[in-house]
Every structure is written in structure tokens, then in C-alpha cells.
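Accompanying notes for the structure given below.
Note that ligands are numbered from 1 as they come in the structure, with each ligand's atoms numbered from 1 the same way. Only heavy atoms go into these numbers, but all of them, side chains included; no hydrogens, no water, no symmetry mates. Residues: numbered from 1 along the sequence shown. Small disclaimer: the values here were computed from a predicted structure and weren't measured.
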Amino acid sequence: MNNPFPVIGVVGTGAMGRGIAQICAQAGSRVLLHDSQAQAGQQAIEHLKSTWDKLTEKGRLSPEQARAHVACLQVAPELADLAPCDLVIEAIVEKLEVKQSVFRQLEDLVRPEAVLATNTSSLSVTAIASALKHPERFAGYHYFNPVPLMKVVEVIAGLRTDAKVCEQLDAHARCTGHTPVHAQDTPGFIVNHAGRGYGTEALRIISEGITDFATVDRILRDQVGFKLGPFELLDLTALDVSHPVMESIYHQYFQEPRYRPSVITAQRLAGGALGRKVGRGFYTYVEGKAQTAAEPAVPKVADLPPVWVSSRAVRRAELLQLLKDLGAKIETGTSPSSQALCMVAPLGFDVTTVAVVERLDPARTVGIDLLFQDSATRRRVLATNPATREDMRDAAHALFAQDGKAVSVIRDSGGFVTQRVVANMVNIACDICQQQICTPTDLELAVTLGLGYPMGPLVMGDLLGPDNVLETLFNLQTVYGDPRYRPSPWLRRRGAIGLSLTHQEPA
Ligand SMILES: NC(=O)c1ccc[n+]([C@@H]2O[C@H](COP(=O)([O-])OP(=O)(O)OC[C@H]3O[C@@H](n4cnc5c(N)ncnc54)[C@H](O)[C@@H]3O)[C@@H](O)[C@H]2O)c1
């Protein structure tokens, strides 16, 4: 593949600029490094030399290759030294006026056909371009940290960007071994927009006192296969980065309830509990390791009560089979006996609502999340309601832990933990497609490569069944009366017709 940009300028040689310079040099471009700090360009070159030396020591790079990469780098002491560049990528401070000023100067320096690109995460590409005489040669080129390892880059067309510019950036990204995904210029682009569902819904769950943050992390790791739970992720990113992003996207979308931030992170940010980098976030870190309290022990219950299963339970046959395998005494009558533990398995509804609708004794009613209950999931999640008796809660816990599988018991919640979080993620992803911010294919690529989710949200929604996700959201909206749970038209229509969430209408 032909590299369209033999000479590339990088303005701003901090964390992102260095990474961008590294992959551009590795793809064979000559890279000119400019920074407003006098020594920063040279320091970036020293840093990259040492990176390539380490790769050479590990045998992942030959000494000749390392020398060739270093030879591609050159400090550009003045902005004017970037005149010969075919592409200039800016990675400076995240301030609109400062970026506009740099690009205004650059546009008079480089050739008319040179491309100008910004690595901004949160500013509007169109707004930066508005300062230029020729906004058609300007685009967003948004990398992720650390650049050499995060193999995806968002190519963002501003309102007036020439399609040819995006094609050239696409070709360049492929030369560096990155996967380009294309997004319209909208707040958060794809990755930072699609990532909203995970943390914000998890924060709502703990703010309702449903369970503690460590249990939410365990549930999402064990039921879906996320590498990091939402609170581990917030600790890793650090609240001084992630809370402002939450606020910024919420406000840029004019207080869209789906993205509503939480007072919990605002308070913790104010209190300096930023995360791993300061040794204290949701978790406390000792020598870099998160300290976690042991899980509550499985209660010892001498005599387990008989179990009755609601006729409306989701995946009822599977629940009955599971109870049989666990050796439970199963009641088969149409209504429970006066001793029975009453099991319900709602989708989106809370246990209280189901107990009332089915006229069950709430003191003996416990819910189980069966949407995320198959042989691959490593954890079962049970929910009580405010009236559940302690002996019934303990009996349910002991019963579902009989085969050694981990069990979490939470307080009542519409949609338990995983249904809530995943339904939100799927819904936000669907709405990104509905708004034509990107194609379903690019959304799935961006999320799996940029966020490291075990699968893209649209595929996740397909696996659970778009109709199930839709029902979960409708019922969450009934329980909470909150428009954040209103289903996207993309999901409503595909769920109603029985189409894959990845299905795109012909152009
Ligand atoms: N850090 C991330 O995780 C990340 C991820 C994606 C995008 N971004 C975006 O990349 C950009 C840079 O972020 P970073 O984390 O590398 O910042 P950084 O603070 O590590 O580096 C910024 C560099 O820009 C230089 N600089 C500031 N103003 C300048 C100017 N007017 N002219 C020339 N140089 C100037 C600084 O001296 C510094 O070396 C920001 O727009 C940020 O939003 C950051």
C-alpha cells in the first residue's frame, strides 16, 4: 500500500505526539517534530530511540530497522520548519483557540495540497476548521493512548472536509498497521461516545444502593467477559480525565439523559480519589495492586425450602433444569405452597413489580438474572426485594451456589446489573448508527479495538436477542420513569422486525 504522506509534521510531542511520531516513522515517513517547549522535540526523539532499543533487545526489531526509524525523525525548532510536510498532525493542549491559532499559521506555511489533521478528543473538528481559509483540507485523526498498541484511529470529517482527505488518512492509517474507522464530527466521535453506557449505568446502580462497586465489577467481568469492571476502568483512566469527559459529552448533547454523569464521580474527583495513579480511587492500591474485600461467604443452610418458579420467568425451562441439576425440591403447582421460595426471572423489571403483578408473597420472592445465565457465565446474580426474608435470601444464595459457581446477591433493581448496563450500551450503539455517525461495521471495530470489549455492542445485542434488549429497556423505563432508557429507533425497528442490529439499509 502506498503511503500518501512521505513527510509528516507532528505538533506537540507529549504522550500522543510521541506515539504518533513512532508509528509514522515505522511506516517509513520522514517525521518532523515541533513543540512549543524548546527541549520537548529532542526529548521525544530520545524517548523513541530508547523504545526502539528495547524492542531490538527483545528481538522484535533488527538493529538496522531501529537505526532506519531513528533516521526518519528530526526536530523542527520553528513551526515554519514544517513547510515541506504533506501531512501535519496536531497533538497539543486541548484548547480551541490555541489549536485554531496553530492551524492558521500552518495553513500559510504548507503547500495547498498538504493535509492538516487534529488529534482532538473532545473539540469539534468543524469548529477548529472554522478558523481556516481552506477547511476542506482539514480533518480529525483521533488516536488512542498508547498509540502504538491501540490499533484503531478515528478519521473524522468536519462539515466541509473534502472526502479525498479522509481517503488519504484512511490509506495512511493502513500503512501504519492501524484500522481506520470513519465518523461524523459529533461529540465523543465513536469510541468515547459508545463508551458512555458502561460507566454511567454502573454509577447509577451503586447510587441506588443496589450493591457495592466491587460487586458490580465482579458481575460484569464474570457474566459478560469484560477485562475490567467499570470501576476498575474508571480507576485506570483516572477521574480527572473521565469525569470531565462525562460532563462534556452530556452537555454537548444538550443534557441527553442517556449520558447523564453522576454526583459520585464529581464528589470523588473533588476529594482527590482520582484512581490508580494516586493510589486511591474506588479501590485502594498497595504497590499498584487493587485491594479488594473478600466476597460474602455462602450461607450455611441446613434445610433448603422447596422452590416454585414463576410461569412468566424468562428462560423458565433452563431455570427448572438448573434447579433440578442443583438438587432442589421443585414445586409444580400453579401457585406456590406457603413454605416455598418463589423464584422469578424478570427482564428489565424489578423483583418487587413482578411479585406484585403475580400476587406472590414478597417475603419469599427472590429474582435471578437468566438473560446472562449459561454454561459460559461464571457468576449467578440473585436479587431480593425490600420485603425478602433473610432466611429466604440465604436459602436462595446457598441453593444457587451448590455447584460451586459464584453467586452475588444484590438489592432490587430493574434489570439486575448486567441487563441494565448491557442494554444501555447496546442502545447507545444503536443510536450512534441511527444518527449515521458511523456504519455498524466501523462501530463494532472501533469499540472492540478502542475499548477492548469482548465483542461489539451490536453483536452483543444480537446474541441476547434484539427483542430481549428492547423489552429490557421498555421495562426499565416503566420501573424508573427515566427517558434515559427509551429505546433508539434503530433498536425498536430491528427488534420488532427480527433483524440483526448490524443490518444497515441499502443506500
Ligand atoms: N492522552 C490521551 O489519552 C489522549 C488520547 C487521545 C487524544 N488526546 C488528545 O491529544 C492531544 C494531546 O494530548 P497529550 O495527552 O499528548 O498531551 P500532553 O500534555 O502529553 O502533550 C502536549 C504537548 O503539546 C505541547 N504544546 C502545547 N501547546 C503547544 C503549542 N501551541 N504549540 C506547540 N506545542 C504545544 C506541550 O508542550 C506538550 O509537549 C489533546 O488534544 C488531547 O485531547 C489525548
Do Asp431 side-chain atoms and Ser488 backbone N/O form a donor-acceptor pair below 3.5 Å?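 No; judged by distance alone, with no hydrogens or angles, the pair does not exist.
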
Please tell me whether Tyr253 and Arg196 have a donor and an acceptor in their side chains that are separated by less than 3.5 angstrom.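 Checked: Tyr253/Arg196 side chains show no N/O donor-acceptor pair below 3.5 Å.
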
Under the 4.0 Å line, does any protein heavy atom show up next to atom 19 (O) of ligand 1?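 Under 4.0 Å from atom 19 (O) of ligand 1, zero protein heavy atoms found.
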
Salt bridge [X]-[Y], side-chain N to carboxylate O under 4.0 Å:
X	Y	result
Glu97	Arg104	no
Asp53	Lys49	no
Asp235	Lys277	no
Lys99	Glu94	yes

Parallel, tilted or perpendicular, as decided by the 30° and 60° cut-offs, for the rings of [Y] and [X]:
X	Y	value
Tyr198	Phe226	tilted
Trp52	His69	tilted
Phe213	Tyr283	perpendicular

Min heavy-atom dist Phe144 to ligand 1 below 4.0 Å: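 Distance cut 4.0 Å: Phe144 fails for ligand 1.
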
So for Arg18, does at least one of its heavy atoms come nearer than 4.0 angstrom to any atom of ligand 1?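 No; Arg18 lies far enough from ligand 1 that no heavy-atom distance drops under 4.0 Å.
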
Heavy-atom pairs closer than 4.0 Å: do any link ligand 1 to the side chain of [X], the backbone, both, or neither?
X	result
Val98	side chain
Leu79	neither
Ala40	neither

Just to verify, what does His34 make a ring pair (Phe, Tyr, Trp, His ring centres under 6.0 Å) with, not counting sequence neighbours?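 Listed in chain order: nothing, the list is empty.
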
For Tyr141, which of Phe138, Phe144, Tyr143 qualifies under ring pair (Phe, Tyr, Trp, His ring centres under 6.0 Å)?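 When ring pair (Phe, Tyr, Trp, His ring centres under 6.0 Å) is applied between Tyr141 and each of Phe138, Phe144, Tyr143, only Tyr143 qualifies.
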
Among protein heavy atoms, which lies nearest [atom], and at what distance?
atom	answer
atom 6 (C) of ligand 1	Tyr143 O, 3.1 Å
atom 7 (C) of ligand 1	Ser121 OG, 2.9 Å
atom 9 (C) of ligand 1	Asn119 O, 3.4 Å
atom 23 (C) of ligand 1	Asp35 OD2, 3.7 Å
atom 40 (C) of ligand 1	Ile92 O, 3.1 Å
atom 21 (O) of ligand 1	Gly14 CA, 3.3 Å
atom 3 (O) of ligand 1	Asn145 CB, 3.3 Å

Number the atoms of ligand 1 from 1 as they appear, then name those within less than 4.0 Å of a heavy atom of [X], with their elements.
X	answer
His142	6 (C), 7 (C)
Lys99	40 (C), 41 (O)
Ala15	16 (O), 20 (O)
Gln37	37 (O)
Val11	33 (C)

Thr377 and Gln223: CA distance, side-chain angles, deciding distance, side-chain hydrogen bond (donor to acceptor under 3.5 Å, both in side chains) verdict: CA-CA 5 Å; Thr377 53; Gln223 287 203 317; 5.5 Å; no

Only heavy atoms count here, so choose which of Gln39, Glu94, Met16 is nearest to atom 42 (C) of ligand 1.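 When every heavy atom of Gln39, Glu94, Met16 is considered, Glu94 comes closest to atom 42 (C) of ligand 1.
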
Closest to atom 34 (N) of ligand 1 among Ala44, Ala91, Ser36 (heavy-atom distance):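 That would be Ser36.
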
